[in-house]
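What follows is a single structure, written as C-alpha cells, with notes after it.
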Number of protein chains: 2
Amino acid sequence: MDNVIDQSGILAISTRLQRLADALRKEGQLIYQSFGIEFEPKWFPVVYTLHLKTSMSVVEIANEIGYAHPSTISLLKELEKQQIIKSKKDKTDERKRLIVLTPKGKALVSAMQPVWNNMQKALSQIADNKNNLMDAIIEAEEKLKVSGFLERSQKIRLSGDVR
Amino acid sequence: MDNVIDQSGILAISTRLQRLADALRKEGQLIYQSFGIEFEPKWFPVVYTLHLKTSMSVVEIANEIGYAHPSTISLLKELEKQQIIKSKKDKTDERKRLIVLTPKGKALVSAMQPVWNNMQKALSQIADNKNNLMDAIIEAEEKLKVSGFLERSQKIRLSGDVR
DNA sequence: TTAATTTATGTAGGAAACTACGTAGTTTTG
DNA sequence: CAAAACTACGTAGTTTCCTACATAAATTAA
C-alpha cells in the first residue's frame, strides 16, 4: 500500500491483474531458459491441451483454452515453425485442420514435466496465502458467469443507490 | 473446471489473470458508456493519481501507477488530446514536465465519483468470495517482492527436488 | 436441390502494455 | 570545473492478446 494505485483499491483491479500476469509470464520465460528448454509461456495452453486431447481442430483448441481463434492460429503458426505441432486436413470435413503434437512436441512435453512440476511448486508458494489467488480467480469468474460487471453495475444503479 | 486449461491449474495462472483483467476492462468501458461518460478504464490510474497528488512529473506518475514510463507518456498524450490534463516545464529542472488536471479534467473527476462508487460496489460483489481476489493479488505481489518466481523455482530445484 | 444459414479457418489491423535505445539536462566526482 | 554518471523524457518497435471482416465448406430449410 505504498502508492496511489494500491490505495485506489479495487477500481484498479484490472491493472493489477494484468501487471501480475505480465510479471509471472516474464519470469516463466526465464525459468524455461534456466532449465535450458526452448519454450514460451504463451505456448503452454495449446501444448498442454494437445498433450491431453491428442488431436483437435483450430476452433476446438481456441474454445478449450479460452482464446479467440485468430490468437490460436498465430500460436499454432509459431508452434508449427518450431515443429512442435503439425496439422492435416480432416478427411470428413474439408474445412477443418486437425492439429497434433509432433514427435518433437511429445518429447518436449516429456522434457518439460520436471519444469512444470517445479513451476507448480513455486507458483503455489506465491499464490497460496490467506486468500488463494487461483481460487479467488475461479470464484470471481464464476460470479461473472452468473452476472457480468456491467449487469451488476446496472442492477446496483437501479436499486436506487445514487450515493 | 470444464476445460483443459482450468484443469491444468496454476500453471496457466498468468493466462487466467490476463483473461480476467481483459474482461473487467472491457466491461468497465461499457459501464462508463452507460453513464454517458467519455472515459477509458486505462486512463484511471493516471487520472486518479493526478486527482490526489495535483502535480507530478512523467516519471513520478509512471512510478506511482507502476507502469513503464513510455506507457505513461502515451496515456498522457491521449489525455492531453482529450484536454483532461495539461503540462508545463518545470522551472527548476528543465528536463521535467509537470502534469496537472485541467478544469475539464477536474470536472470529469467530479462527474465520475458516482460511477466509481457504483463500480466499486459491483467489483466488490465480484471479487469478494471465500477468497478475496484483491487481497489475493496483494498477498501474491508481496510474496513476489520477497522472492520472485524464478528465484523460488531455483531454490526449489536446489533443494534436491528432482521429482 | 438450390438457397440460406452456419461453421471453420484465415487475414488485417487494433489495443494496452512492454523493452531498447537516444538525447538532453542535472548532479557527482576526480 | 570539466568529465563521467545519472535522470527525465521521448521515439521506435515488440508482445500478446483482441475484433472485424472475408471466404469456403457443410448443414438446414424451402
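Chain A is the first sequence line, chain B the second, and so forth, proteins listed ahead of strands; every chain is numbered from 1. Heavy atoms only: backbone and side chains are in, while hydrogens, waters and symmetry mates are out.
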State the OG1-CG distance between Thr54(B) and Leu52(B), to the nearest 0.5 angstrom.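 One gets 8.5 Å once the value is rounded to the nearest 0.5 Å.
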Take the protein atom [atom1] of [X] and the nucleotide atom [atom2] of [N], then report the distance between them rounded to whole Å.
| X | N | atom1 | atom2 | result |
| --- | --- | --- | --- | --- |
| Arg19(A) | dT16(D) | CZ | C1' | 19 Å |
| Asp90(A) | dA8(C) | CG | C1' | 11 Å |
| Leu20(A) | dA17(C) | CG | P | 15 Å |
| Lys42(B) | dA15(C) | NZ | C1' | 7 Å |
| Glu78(A) | dC17(D) | CD | C1' | 12 Å |
| Lys77(B) | dA12(D) | NZ | C1' | 10 Å |
| Leu79(B) | dA16(C) | CG | P | 12 Å |
| Trp43(A) | dC17(D) | CH2 | C1' | 16 Å |

Salt bridge or not for [X] and [Y], using N-O below 4.0 Å?
| X | Y | result |
| --- | --- | --- |
| Asp22(B) | Arg25(B) | yes |
| Glu27(B) | Arg152(A) | no |
| Lys143(A) | Glu139(A) | no |
| Glu60(A) | Lys53(A) | no |

Minimal non-hydrogen separation, Trp116(B) against Val109(B), with atom names: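 So the two residues come closest at CZ3-CG1, 4.3 Å.
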Nucleic acid contacts of residues 67-75 of chain B, taken as heavy-atom distances under 4.0 Å to DNA chain D: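 Contacts with DNA chain D under 4.0 Å: His69(B), Pro70(B), Ile73(B).
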Residues two or more places apart in sequence or in another chain: which of them pass salt bridge (charged side-chain N to carboxylate O under 4.0 Å, His left out) with Lys42(A)?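 With neighbours one apart ignored, the set is Glu78(A).
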Ring centroid separation Trp43(A) to Tyr48(A) under 6.0 Å: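 Ring centroids of Trp43(A) and Tyr48(A) are no less than 6.0 Å from each other.
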For the residue pair Arg157(A) and Phe35(B), would you count it as a cation-pi contact if the rule is NZ or CZ under 6.0 angstrom from the ring centre and within 45 degrees of the ring axis?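 Yes, cation above the ring, under 6.0 Å and within 45°.
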5'-most by nearest nucleotide on DNA chain C - Asp22(A) or Leu98(A):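 The residue mapped nearer the 5' terminus is Leu98(A).
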Would you mind classifying the nucleic acid contact of Lys89(B) as base, sugar-phosphate or nothing, using non-hydrogen atoms under 4.0 angstrom?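 No contact.
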Could you list, one pair per line, each protein nitrogen or oxygen that sits under 3.5 Å from a nitrogen or oxygen of nucleotides 1-8 of chain D, together with the distance?
unit_1	atom_1	unit_2	atom_2	d
dT7(D)	O2	Arg95(B)	NH1	2.7

By nearest nucleotide on DNA chain D, pick out whichever of Lys91(A) and Arg25(A) is the more 5' one.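 Taking each residue's closest nucleotide, the earlier one in sequence belongs to Arg25(A).
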